[in-house]
Amino acid sequence: MSILDDISSVLQQGRVPKVKEYVQQALDEGIPAGEILEQGLLNGMNIIGEKFKNNEVFVPEVLIAARAMTKGTEILRPHLVSAGIEEKGTIVIGTVKGDLHDIGKNLVRMMMEGKGLKVIDLGVDVPTENFLSAARENNAQIIACSALLTTTMGEMRNIVEAVEASELKGRVKVMIGGAPITQAYCDQIGADCYTPDAASAADAALELCTR
Amino acid sequence: MRIALIGCMVMSREISYLISQSRNIVRPWWLKQGLHDTPDILHTELQRLIDEIEQENQKLLAHERFEAIVFAYGLCSNSVIGLKSQTIPLVVPRCDDCISLFLGSAERYQHYFQELPGTFWYSCGWLEHGNPPSKARYARERAEYAEKYGEDNADYLMQCSSNWMTSYHSCGYITCPLGDFPEYPALAKQAARDFQWTYHEIPGDMGYLSALVSGPWDDSRFLTCPPGNRIEADYSIRKIRAKPCNED
């Protein structure tokens with residue numbers, strides 16, 4: 001097995017110290033950072049993402065794998081930057097006003113970061129205007145909002161309408177997700193994208209940013 | 001009137017009492033508490049019970065048949081969206097979840113949602129059937145994580161799963177109008193102390209549940225979805241509406 005396979009394998013087990021060790025070893029062996037990211041870390045994360053979609057693994061496994069990916073990427077980042085590998089897009093993410101749940105949102109953030117996207121995390125209970133101002137300040141392509149509660153999902157409509165009514169219209173896409181959210185709701189409120197899980201959210205965000 | 005009631009065990013004490021007092025003849029089917037966390041599974045279970053009740057109904061004598069299937073459920077993570085029946089009307093409260101049903105109205109829940117933002121709700125049923133936050137629960141979870149994923153990951157997973165608690169400010173204990181066992185509010189008070197939440201005791205009101213069991217099913221509080229229709233999300237204060245299946 002190559003070192004990149006080893007990285008993928010220990011990442012899937014969420015073994016942070018091993019991931020760091022193997023990533024460093026791969027760099028020492030002279031493997032380009034981009035290759036370590038794609039064929040080691042992202043390969044492992046994609047396998048976990050697929051397994052999660054198929055109910056073969058659950059949230060804790062995805063969380064520890066995503067954390068291992070974040071730690072591995074931290075080691076790679078200076079090398080990626082010096083190799084001229086740029087961030088592929090910028091996303092502003094947060095849980096909507098009135099909603100204090102963040103596990104899903106954090107997972108989406110880590111998955112997006114794994115795809116090489118820059119993610120500005122506004123946290124939970126985020127008012128509509130904060131999403132818009134952060135998108136302006138960071139020149140973001142996407143506002144991604146999360147809600148766990150049927151009592152708070154209505155806030156997403158306000159965000160879509162605020163973007164429509166602002167100069168961000170046409171420039172910033174709105175992505176939505178969370179347990180009670182559906183494609184039908186996305187269509188109803190006129191959001192740009194709905195995805196049912198964190199892995200497909202990251203895929204969709206990358207596509208929207210590089211389209 | 002004979003009705004079939006599909007309910008969540010979290011409301012079983014209140015509903016069982018109301019059934020005993022009702023002019024209606026009510027047969028309950030109970031589902032375990034907590035299925036709202038997996039809305040797809042809850043939806044499948046609800047539809048399976050509707051189908052089962054309708055099949056059984058065909059075999060009954062006319063005077064024995066159910067005239068309605070009522071749901072002791074709110075939207076519950078939108079699990080009720082898409083439910084349909086062939087022969088018996090479905091009656092569903094227009095509310096988000098059981099907190100409205102425990103408090104007596106969707107308006108009263110909305111009031112507290114605004115008044116006491118970041119409140120975690122406790123009730124007799126939640127303590128008996130649910131797994132609300134407590135020190136003991138977190139100790140159990142951490143031990144499980146440590147065994148499966150190692151100590152370092154266990155700390156991380158506990159941090160992930162309890163992050164939200166620091167954003168909550170209040171613990172709302174909804175009293176049971178039938179009377180509470182003293183250990184239940186005591187458990188809620190203990191959780192409030194453990195997590196630095198302000199403790200509020202809010203009187204429960206069985207009015208909404210009573211109307212569910214005995215009627216009237218006024219259109220402002222309940223959707224009556226006729227046979228051959230399915231329940232559709234409305235995304236307004238009315239929450240849900242009926243849509244003919246042949247328009248799909």
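In this text, all values refer to a predicted model and were calculated from it rather than measured experimentally.
A salt bridge does not link Asp6(A) to Lys18(A): none of the charged nitrogens lies less than 4.0 Å from a carboxylate oxygen. At a threshold of 4.0 Å, the pair Glu155(A)-Lys97(A) does not count as salt-bridged, since none of the basic side-chain nitrogens sits closer than that to a carboxylate oxygen.
In this structure, no portion of Ala68(A) lies under 4.5 Å from any heavy atom of chain B. Residue Tyr145(B) touches chain A through its side chain alone, counting heavy-atom pairs closer than 4.5 Å. In this structure, chain B has heavy atoms under 4.5 Å from both the backbone and the side chain of Leu100(A). Using a 4.5 Å cut-off between heavy atoms, Thr95(A) makes no contact with chain B at all. For Ser161(B), the parts lying under 4.5 angstrom from a heavy atom of chain A are both the backbone and the side chain. The part of Gln110(B) that comes within reach of chain A is its side chain, from C-beta onward, which places non-hydrogen atoms under 4.5 angstrom from that chain. For Tyr235(B), the parts lying under 4.5 angstrom from a heavy atom of chain A are both the backbone and the side chain. Contact annotation for Asp37(B): neither backbone nor side-chain heavy atoms come within less than 4.5 Å of a heavy atom of chain A.
You'll find the ring centres of Phe222(B) and Tyr208(B) inside the 6.0 Å limit.
Proximity of a side-chain donor or acceptor of Ser2(A) to a complementary backbone N or O of Leu4(A) within less than 3.5 Å is detected. For Asp102(A) (side chain) and Lys105(A) (main-chain N/O), no donor-acceptor pair under 3.5 Å exists by modelled atom type.
Considering OG1 of Thr73(A) and CE of Met45(A), their distance stands at 10.0 Å, rounded to 0.5 Å.
Most heavy-atom pairs under 4.5 Å with chain B: of the set Met153(A), Arg157(A), Arg15(A), Arg67(A), this distinction falls to Arg67(A).
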Inset, instruction - Show your working on salt bridge (charged side-chain N to carboxylate O under 4.0 Å, His left out) between Arg77(A) and Glu74(A) and close with a plain yes or no. - result: CA-CA 5 Å; Arg77(A) 187 156 296 130; Glu74(A) 277 169 15; 5.8 Å; no

